[in-house]
Amino acid sequence: MHALPVSSTSIALRPTDDRFQAVFNLWLQRFRSPHTIRAYRHDTGLWLDAGCPTDPEGLQRWIEGLTGSEPTRARRVQAVRSFLRWALIIGAISVNGMEVAATAPSAPRMIRKTANRYLTRPQVFALLSRLGEDWAWTAYATGARISELRSVTVGDLQLREDRVIMRLLGKGNAVRMVALSGTEAHRLERLVADRKDRTDELLFPPWSVRTFNRKLAKAAQSVGIPLKVSPHWLRHAHISHSLDRGASLVLVQSTVGHRSLAATQHYAHAAPSDSSSRFVTF
């Protein structure tokens with residue numbers, strides 16, 4: 001445990017102080033995902049711009065002044081809550097006002113998030129057919145996050161006689177293997193047919209997350225889906241549709257890499273012969 005000298009009263013953290021930077025950097029080092037680090041830097045930046053209050057009243061005013069959707073505000077509050085808890089643990093502050101702030105918005109329940117992002121199978125088929133992009137079909141077939149697919153290389157594919165196994169690097173650098181068969185396996189085999197020796201080459205276009213989002217949202221509008229669809233919706237669709245069509249909960253959660261089922265991932269990480277992908281292939 002890293003310890004910093006403290007006084008008996010709460011210490012005012014100021015972004016310009018070396019002390020603050022030390023505490024802040026120690027906190028960020030606890031996270032391994034570059035995506036998480038970027039998001040937390042941005043969200044805590046809004047709190048820093050407001051003078052980084054740590055007392056309940058100041059935090060309450062900051063929370064009430066947040067803009068954006070409920071999930072966005074909840075994420076920003078959670079970032080600051082995480083930092084202040086860390087600062088309290090290592091002794092940089094003696095009181096964490098976030099613990100008693102009255103109106104900190106909570107993240108919406110998963111069931112509500114899933115319901116709000118639900119696409120039917122006909123909608124998904126129409127959307128992916130209109131877009132005509134290999135990455136989008138693969139996102140639905142695997143339930144992978146777009147951040148995971150962006151880093152997949154040719155060498156992350158294992159071509160077997162009856163299936164293709166894709167290696168995915170998830171949150172916290174957790175590795176999982178997803179087996180694809182049928183149409184989706186043939187799609188990937190075609191994608192790497194002339195570059196099997198270029199193992200370090202990215203499998204999909206090196207676009208920004210914003211570009212992937214824009215392309216999918218545009219295709220959704222063109223097929224009459226009146227929602228702001230992002231690639232993460234394909235992940236939700238994979239989970240919902242595979243469960244609806246008879247996939248076991250354990251198989252789905254192992255395929256998509258939910259943290260809560262880390263204990264089950266060892267069943268699939270070596271050389272899986274099955275995944276929930278076969279329940280959603282067209």
(request) Go through the steps to decide whether Thr72 and Leu66 satisfy the test side-chain contact (heavy atoms from CB on, under 4.5 Å), and finish with yes or no. (result) CA-CA 9 Å; Thr72 296; Leu66 288 173; over 6 Å; no
(message) As a quick check of understanding, evaluate side-chain contact (heavy atoms from CB on, under 4.5 Å) for Trp137 and Leu131, giving each step before the final call.
(response) CA-CA 9 Å; Trp137 288 101; Leu131 184 60; over 6 Å; no
(message) For Trp233 and Val124: C-alpha separation, side-chain torsions, deciding distance, then whether side-chain contact (heavy atoms from CB on, under 4.5 Å) applies.
(response) CA-CA 10 Å; Trp233 286 49; Val124 171; over 6 Å; no
(message) I'd like to know whether Thr54 forms a side-chain contact (heavy atoms from CB on, under 4.5 Å) with Phe83, so could you lay out the CA-CA distance, the side-chain angles of the two residues, the decisive distance to 0.1 Å, and finally the verdict.
(response) CA-CA 11 Å; Thr54 58; Phe83 172 68; over 6 Å; no
Enumerate, atom names and distances included, each donor-acceptor pair closer than 3.5 Å involving a side-chain atom of residues 203-216, sequence neighbours excluded.
from: Ser208; atom 1: OG; to: Thr211; atom 2: N; distance (Å): 3.2
from: Ser208; atom 1: OG; to: Thr211; atom 2: OG1; distance (Å): 3.1

Please tabulate, for side-chain N and O atoms in residues 138-146, each donor-acceptor pair with protein atoms closer than 3.5 Å (sequence neighbours left out).
from: Thr138; atom 1: OG1; to: Asp134; atom 2: O; distance (Å): 2.9
from: Tyr140; atom 1: OH; to: Arg121; atom 2: NH1; distance (Å): 3.3
from: Tyr140; atom 1: OH; to: His241; atom 2: ND1; distance (Å): 2.8
from: Thr142; atom 1: OG1; to: Thr138; atom 2: O; distance (Å): 2.7
from: Thr142; atom 1: OG1; to: Ala144; atom 2: N; distance (Å): 3.2
from: Arg145; atom 1: NH1; to: Glu148; atom 2: OE2; distance (Å): 2.5

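Under the side chain to side chain contact (heavy atoms under 4.5 Å, CB included) criterion, Asp194 pairs with no residue at all, not counting sequence neighbours. Among residues two or more places apart in sequence or in another chain, the side chain to side chain contact (heavy atoms under 4.5 Å, CB included) test is passed with Ala217 by none. Annotation: side chain to side chain contact (heavy atoms under 4.5 Å, CB included) contacts of Phe31 (sequence neighbours excluded): Trp27, Thr36, Ile37, Tyr40, Ser82. Residues meeting the side chain to side chain contact (heavy atoms under 4.5 Å, CB included) test with Gln221, sequence neighbours left out: none. Legend: residues meeting side chain to side chain donor-acceptor pair (under 3.5 Å) with Arg61, ordered by chain and number and at least two apart, are absent. Applying the side chain to side chain donor-acceptor pair (under 3.5 Å) criterion to Thr153, with sequence neighbours excluded, gives Asp156. Taking the salt bridge (Lys or Arg N to Asp or Glu O under 4.0 Å) definition, one finds that Arg75 meets it with Asp43, sequence neighbours left out. Applying the side chain to side chain donor-acceptor pair (under 3.5 Å) test to Ser277 and every residue at least two apart in sequence or in another chain returns Ser275. The side chain to side chain donor-acceptor pair (under 3.5 Å) test applied to His186 returns Glu189, not counting sequence neighbours. Every residue meeting the salt bridge (Lys or Arg N to Asp or Glu O under 4.0 Å) condition with Arg195, not counting sequence neighbours, appears here in chain and number order: Glu201.
By the 4.5 Å heavy-atom criterion applied to side chains, Trp62 and Val77 are counted as neighbours. Side-chain contact check for Gln158 versus Arg167: every heavy-atom pair is 4.5 Å or farther apart. Contact check for Arg130 versus Phe125: no side-chain heavy atoms found under the 4.5 Å cut-off. Counting heavy atoms from C-beta on, the side chains of Leu188 and Leu157 come closer than 4.5 Å. Side chains of Leu149 and Met166 form a contact here, defined as non-hydrogen atoms less than 4.5 Å apart.
Scanning both residues, Trp86 and Val23, for their nearest heavy atoms gives NE1-O, 3.6 Å. In plain terms, the two heavy atoms of Leu59 and Pro53 that are nearest each other are CD2-O, 3.2 Å. Arg163 and Ala179 make their closest contact through CD-CB, 4.2 Å (heavy atoms, listed as atom of the first residue, atom of the second, distance).
Checking side-chain atoms of Thr255 against main-chain N and O of Ser276 turns up a donor-acceptor pair under 3.5 Å. A donor-acceptor contact shorter than 3.5 Å is absent between the side chain of Ser254 and the backbone of Leu251.
Between atom CZ of residue Arg235 and atom OG of residue Ser230 there is a gap of 11.5 Å, rounded to the nearest 0.5 Å. Rounding to the nearest 0.5 Å places CZ of Phe279 at 14.5 Å from CD1 of Ile239. One finds the OG1 atom of Thr44 at 11.0 Å from the CZ atom of Arg76 (value rounded to the nearest 0.5 Å).
Counting heavy-atom neighbours within 6.0 Å of Asp197 CG, excluding the residue itself, gives a total of 12 or less.
If you chain together hydrophobic residues whose side chains sit under 4.5 Å apart, Val80 and Leu88 fall into the same group. Two different hydrophobic clusters hold Leu202 and Val175 under the rule that ILVMFWY side chains link at heavy-atom gaps under 4.5 Å.
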